[in-house]
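The residues of the chain are indexed from 1 along the displayed sequence. Note that the coordinates shown come from a computational prediction; the quantities given were computed from them, not determined experimentally. Counting starts at 1 for both ligands and their atoms, in listed order.
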Amino acid sequence: MSDLCSLDLTDLRDRLAGKQVSAREAVSACLERIEKTEPAVHALLNVQADAALETAQALDQAGPDSTKPLWGVPLVIKDALCTAGVPTTCASKILENFTPFYDATAVAKLKAAGAVLLGKANMDEFAMGSSTENSAFGRTANPWDLGRVPGGSSGGSAAAVAAGQAFGSLGTDTGGSIRLPASFCGVHGIKPTYGRVSRYGLVAYGSSLDQIGPLCRSAKDLAAVLEVISGHDPKDSTSAPRPVPAFEAETAARKDLSGLRLGMPEEYFGEGLTDEVRACCEKALEAAKSLGAEIVPVRLPHTRYAIATYYIVAMAEASSNLARFDGVRYGYRHAGAQDLTDLYELSRSEGFGEEVQRRIVLGTYVLSAGYYDAYYRKAAQVRRLIRQDFLDAFAACDVIVGPASPFVAFGLGEKAGDPLQMYLSDIFTISLNLSGLPGLSLPVGLGADSGMPVGLQMFGRAFDESTLLGAAHALSGTLGPLPAPKGL
Ligand code: GLN
């Protein structure tokens, strides 16, 4: 990997601002890296090489601009976010020919901050999955081991950053889709508090769960990007009218963990956790103690209901959100339909992949008259209990810590044929979305058996991303960076 491509985003940004590197050089280095690694990794669904070079050239001509905090920084965006004039497929055949005429708010904010869009990242179709194997346009491989999955559903966003194709990316997290791939690919990722980042222009999956967030090589990088994309947006009624903290400055200022109580939930360290993941997490917690943190035991007793609850809520919302793809307004339309019902049935059964269809069917079922009370209403009630677990735990601690996943990245195809096994990958990530709280995953080492990255999660109080970012920054500083991915 060229030295440039292995820089952290904030280091590159400082060099761009100081004119030690031009925007064109940064973009060209990424494009070269993409050309070299894409045949093996397939992290991207499209590459906007000409447009990126043109944008970079225009930036260079105008010169660095201190009012643009990401001036000249090349990024990739998950293909679930609308990008004006650039195809946005959600990795689905049904949106194969869809090109939006507007940018999602998060994308518009990145552009306004001077960032350069390199291309769109692969994902599980409509963000449904944990391995990026559900993409209609081919799966992504993990840069650490090309025979393994990158995690999902933002697998392309994580793999692109790990492979040095971009300095950061945007992903989305409905039930772990930023944190799981971040942990599998050895990068940092944060799911902000629900409402922190506008969802305008994000193709909806589970609207009460979805959040957009960055994946980068350091906590400081995450803070820099989050600071740009956060904030109230009149176009999204669920975005919070709250001031955006100076995330980057607050993160960089955190030197140790003194005064911080880290809650260790016994439910996250019990059976089912592989030895190598447990060992890496425990080592990280020892390092946290040496930085002044106090470890306190906490309980999250409703964790065991999280998977059942999440998959009812998420599928119900998905079945409703995906009703708009009907072959009439936009997206794939079957050419030979005889009548309207035929048109719906043929377009939807050919346009949607198997996992998406499974969820539409199950989601429609749990919302149907007669089953609503037994499933959807119950799930909504249990969701409240799961959230209450967190609120109770935060009475005794400031941050909750636990593994991002019980295991490291698994083999391509290993769980693809068994949806329930795939759903179980999300055991440690989904409660957070059900509760609306912020969480991040940071790499804390390589598993002793597999040599694959292990991610530690940190959960925070609502709108307290700063504490998470600061803690991750301080802890990463002590643990040191991972080596370069060895699969490439
Ligand atoms: N794996 C979970 C699902 O399939 C989460 C996906 C996500 O966060 N988008 O629903």
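When the ring-ring contact (aromatic ring centres under 6.0 Å, His included) test is applied to Phe167, no partner is found at least two apart in sequence or on another chain.
Protein neighbours of ligand 1 below 4.0 Å, counting non-hydrogen atoms: Ala127, Met128, Gly129, Ser130, Ser153, Asp173, Thr174, Gly175, Gly176, Ser177, Tyr205, Tyr310, Tyr311, Arg359, Asp426.
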Distance-only donor-acceptor pairs under 3.5 Å for side chains of residues 467-475, two or more places apart:
residue	atom	partner	partner atom	Å
Thr467	OG1	Asp464	OD1	2.7
Thr467	OG1	Asp464	OD2	2.9

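Sorted by first then second residue, the side-chain hydrogen bond (donor to acceptor under 3.5 Å, both in side chains) pairs that include residues 89-104, not counting sequence neighbours, are Asp79-Thr89, Ser92-Glu125, Asp103-Lys111.
Ion pairing between Arg348 and Asp326 fails under the 4.0 Å rule for side-chain N and carboxylate O. Salt-bridge annotation for Arg461 and Asp398: present, with a side-chain N of the basic residue lying under 4.0 Å from a carboxylate O of the acidic one. With respect to the salt-bridge test (charged N to carboxylate O, under 4.0 angstrom), the residues Glu266 and Arg299 qualify.
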